[in-house]
Asks: 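My questions will all concern the structure given below.
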Amino acid sequence: MEFTVAGRVVAEYRSGLGIEATLGPRPHLHPIRTLAGTVVTDTLPADHRWHLGLSLAMQDVNRNNLWGGRTYVRDQGYTWLDDHGSITGEGFDEVRPDGFTQRLAWRGADGKALLSERRTMTATYLDERSWALELGWELAAEQAVTLGSPATNGRPGGAGYGGCFWRVAPGANLGLTAGELSGEEQVNGSAEPELVWRGESGGAAYTLRFSGLGDGDRWFVRTTEGSTGYPGVCAAWAYERTRVIEAGDTRTGALRVVISD
């Protein structure tokens, strides 16, 4: 499904169907492009094949891996387990050239629904160089659901990823800032209102301005110059401690990204 801004295709939404179970199949946006056509996301990269453009994903949802890849196990490290779940599209309530409203289910390894989700996307023209993408979610639980990350399961080093994750396109990172903070070491784990990624893809420079952290959320970031060697930005929901959606409750949030040539 393609989405347009000012007559230009700026994003494609993919169902996740056909992605192997160990990669955490889920709907995702890829490629996302600037108005000039520069691609600013990556999918199925060789280093982490479960990174899928822009998506919602958690490594621990009531002990089900909806992120993909190996699961971090306390006192063992990353381990292949038969615990991979999926996020499935359950129908669209609205589809427009500039966005959609969709119903989804977050399913455990046994296929049973853990959470129901209402997801929205809107693409908005800002000026001749910029447009804004807003991805919103409402996650509802019938029974209590605990969300966790490698960090909450014992991994050191600020590995609190999981939430709304953007795998950045391959290319140079020209700058990473959040308020007065700069670089991966300072920005990772911060809660500044805005994070700015300046990058290069296919020889073209671009800027991504992220905002929308929820209460208690943190930025998880990696750059191509970082210790793990891949580029990504995540609005992380369980960076330091687990988060619980109680029975009958709904967790809401939205990530806004201004994408500029």
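Each residue takes its place number in the sequence, starting with 1.
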Asks: Show every ring pair (Phe, Tyr, Trp, His ring centres under 6.0 Å) that has at least one partner inside residues 144-178, sequence neighbours left out.
Replies: His51-Phe165, Trp67-Tyr161, Trp67-Phe165, Tyr161-Phe220, Trp166-Phe210
Asks: Could you list the cluster mates of Leu126? Members are the ILVMFWY residues connected by side-chain heavy atoms closer than 4.5 Å, either directly or through other members.
Replies: Val258
Asks: Using the ring-ring contact (aromatic ring centres under 6.0 Å, His included) criterion, which residues pair with His28? Sequence neighbours excluded.
Replies: none
Asks: I'd like to check the side chain to side chain donor-acceptor pair (under 3.5 Å) partners of Arg218; sequence neighbours left out, ordered by chain and number.
Replies: none
Asks: Could you list the residues that satisfy side chain to side chain donor-acceptor pair (under 3.5 Å) with Asn188, not counting sequence neighbours?
Replies: Tyr239
Asks: Could you give all pairs that pass the ring pair (Phe, Tyr, Trp, His ring centres under 6.0 Å) test and reach residues 88-107, with sequence neighbours left out?
Replies: Phe3-Phe100, Tyr13-Phe100, Phe92-Phe100
Asks: For Asp261, which residues count as a side chain to side chain donor-acceptor pair (under 3.5 Å) partner, sequence neighbours excluded?
Replies: Thr34
Asks: Does anything in residues 187-210 pair up under salt bridge (Lys or Arg N to Asp or Glu O under 4.0 Å), and if so which pairs, sequence neighbours excluded?
Replies: Glu194-Arg209
Asks: Kindly state each residue pair satisfying salt bridge (Lys or Arg N to Asp or Glu O under 4.0 Å) with at least one member in residues 42-66, sequence neighbours excluded.
Replies: Glu20-Arg49, Asp47-Arg167, Asp60-Arg63
Asks: Quick one: which residue pairs count as a salt bridge (Lys or Arg N to Asp or Glu O under 4.0 Å) with a foot in residues 106-118, not counting sequence neighbours?
Replies: Glu90-Arg107, Glu117-Arg119, Arg118-Glu138
Asks: Give me each pair satisfying salt bridge (Lys or Arg N to Asp or Glu O under 4.0 Å) with a member in residues 77-89, each pair once, sequence neighbours excluded.
Replies: none
Asks: Does Trp219 have any ring-ring contact (aromatic ring centres under 6.0 Å, His included) partners at least two apart in sequence or in another chain, and if so, which?
Replies: none
